[in-house]
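Encoded as structure tokens, the structure appears first; notes follow it.
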Amino acid sequence: MLYVMRDAHCAMLSSARTWAAATRLACENPLNPLSYLPQSRALAASCEMFERVTRTYAKPAFNLPVPERVVWERPFCRVIAFGEPSDKPKLLIVAPMSGHYATLLRGTVAAFLDTHQVFITDWADAKQVPLSDGRFDLDDYVDYCLALFAVLGPDLHVMAVCQPSVPVLAAVALMEAENHPLVPCSATLLGGPIDTRCSPTAVNRLAQERGLAWFERHCIHPVPWGYPGSGRPVYPGFLQLAGFMSMNLDRHVSAHWSMFDHLVEGDGDSAAKHRAFYDEYLAVMDLTAEFFLQTVRTVFVEHALPRGEMRHRGEPVNLSAIRRCALMAVEGEQDDISGVGQTRAALDLCTNLPERRKAYHLQAGAGHYGVFNGSRFRAEIAPKIAAFMAQNARGASLGGRARTAVTGNGGQCAAAESAVPRPQGRLPVPPLAAMSNVIRLPRQAKT
């Protein structure tokens, strides 16, 4: 019912938004003599603010100066490659499935375009996925990671931003436990909730205090008629956005007042920066109910991964099995989502990974967003991650397969493989797809 009421409210305001847009155009039209009055600027600014506050924001575009290619696709995710195929080291950025679209990591992608062949997971909005495409939960997320590591390997580096740190680390552990030859060369975790018992934040305490039943009762709603995913139980994006905004409400109110002042003063550059940020920030997507609830239970309530109790399809996820994939943890000093120590915990939990293949960076003055975007990320964090990946792109032993360091374009490591039997088990080794071609795996229906 809440979802229906929200859609009805948006529909009721559509005509008011149209009038506001028309009034703004009239007030800004240089052919209108009244547009030169101070009151006209204030009226135009008011109309724009009303239209923006009541608008439903569509999924943004990456708009990077390189071509985009879809190289892998399943109902709930597709993988986008940036630029033409090259000999640069391969980097898969696993974007968070936590409300915002993958385009929130536009700056993260841009930071590595010159040095790496960059791929990113572009998660689907759950309300756009038909029920016939089935469920999607945390186990499915791990399955997607396993499939991607195998398809995009060998010699793949992985970067998990926030929420996917847990499923990415779990997938690496599962591959390591089976001695899989296509385990990533390195995994970098940025602001991830590996162990939320360390420096718990307001987000962590909310999960502990409310419990799973509260989230199921208050946060889960069926997608209404009119969407491809009609009937699917989801955690709606508009509820997630309300939670995001409430955490720093004073800051958002102040930012909108500042934009109003910039519009009245005619400061177009400052207003444009505000528009660009909030066009991205206010665009949100629905999450499947099963994924959201399983993540809350596993990561925030039970702390299953750091306690050694996480299971995937009935099999234990043992972080001590990680011994070849290098691991880097990056945290922000002022992160109010994943507290300091929550991501670093991964380094201590991987007890059989040599210390020389571990790295840690605490970014002074950075909040959660600053861990993966912004000036500090570009100037201080990204170069350290690039150096870590270059350091661990060669000389890693792959159990039966000797990985020989060679010098190539972009410093990419190459593997010299001896003939060894394929490992048996859940993770068969797929034939390596030529990266110059588009890789499309079968799917049931359009997302």
Side-chain angles (χ1 to χ4, degrees), residues 3-68 99-107 109-110 125 127-128 224 226-227 236-285 367 369-370 373-375 378:
Y3 212 133
V4 175
M5 292 174 61
R6 183 261 181 184
D7 282 359
H9 179 259
C10 290
M12 290 170 60
L13 290 175
S14 61
S15 59
R17 284 196 297 272
T18 301
W19 278 105
T23 302
R24 176 193 168 194
L25 288 175
C27 290
E28 294 178 342
N29 191 337
L31 299 179
N32 179 7
L34 297 178
S35 66
Y36 297 96
L37 297 176
Q39 294 85 348
S40 292
R41 278 189 178 179
L43 180 57
S46 299
C47 289
E48 179 172 350
M49 297 304 296
F50 172 80
E51 192 276 331
R52 293 186 63 82
V53 169
T54 59
R55 180 203 308 176
T56 298
Y57 288 77
K59 178 182 179 180
F62 279 99
N63 286 332
L64 293 171
V66 292
E68 299 176 14
H100 285 108
Y101 292 97
T103 51
L104 192 67
L105 306 188
R106 183 184 296 103
V109 173
D125 187 345
K127 66 175 172 285
Q128 302 296 338
Y227 296 95
F238 62 86
L239 282 183
Q240 299 171 63
L241 181 60
F244 299 152
M245 300 289 282
S246 65
M247 290 183 63
N248 297 285
L249 186 59
D250 292 344
R251 186 185 306 172
H252 292 297
V253 171
S254 176
H256 280 76
W257 272 116
S258 295
M259 182 184 179
F260 178 84
D261 291 338
H262 293 320
L263 291 170
V264 173
E265 295 166 3
D267 185 354
D269 290 341
S270 298
K273 292 179 181 178
H274 177 100
R275 291 190 192 99
F277 175 79
Y278 278 99
D279 283 352
E280 189 76 59
Y281 189 79
L282 298 177
V284 288
M285 53 184 268
Y369 186 78
N373 224 327
S375 58
R378 292 190 298 271

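As the structure is a prediction and not an experimental result, all values here were calculated from the model.
Listed by chain and number, the residues in a salt bridge (charged side-chain N to carboxylate O under 4.0 Å, His left out) with Arg378 amount to none (sequence neighbours excluded). With sequence neighbours left out, the side-chain contact (heavy atoms from CB on, under 4.5 Å) criterion links Leu25 to no other residue. For Ala110, the side-chain contact (heavy atoms from CB on, under 4.5 Å) partners two or more places apart in sequence, or in a different chain, are Leu64. Shown here are the side-chain contact (heavy atoms from CB on, under 4.5 Å) partners of Thr18, two or more places apart in sequence or in another chain: there are none. Partners of Leu104 according to the side-chain contact (heavy atoms from CB on, under 4.5 Å) rule, which considers only residues two or more places apart in sequence or in another chain, are His100, Glu280, Tyr369, Phe372. Under the salt bridge (charged side-chain N to carboxylate O under 4.0 Å, His left out) criterion, Arg17 pairs with no residue at all, not counting sequence neighbours.
Residue Glu28 holds its CD atom at 10.0 Å from OG of Ser40, rounded to the nearest 0.5 Å. Distance CZ/Arg55 to CG/Leu282: 9.0 Å, rounded to 0.5 Å. Here the straight-line distance linking atom CD of Glu51 with atom CD of Glu48 works out to 7.5 Å at 0.5 Å rounding.
Shown here for Tyr3 and Lys127, the closest heavy-atom pair between the two residues is OH-CD, 3.2 Å. Taking each heavy atom of Ala11 and Ser14 in turn, the nearest pair found is O-OG, 2.7 Å. Counting all heavy atoms, side chain and backbone alike, Tyr101 lies closest to Ala283 at CD1-O, 3.8 Å. Contact between Cys10 and Thr56 at its shortest, heavy atoms only, is SG-OG1, 3.7 Å. Between Phe50 and Leu13, the closest heavy-atom pair is CZ-CD2, 4.4 Å. Taking every heavy atom of both residues into account, Leu43 and Cys27 meet most closely at CD2-SG, 3.6 Å.
Looking at Arg106, its side chain never comes within 3.5 Å of a backbone N or O of Asn373 through a donor-acceptor pair.
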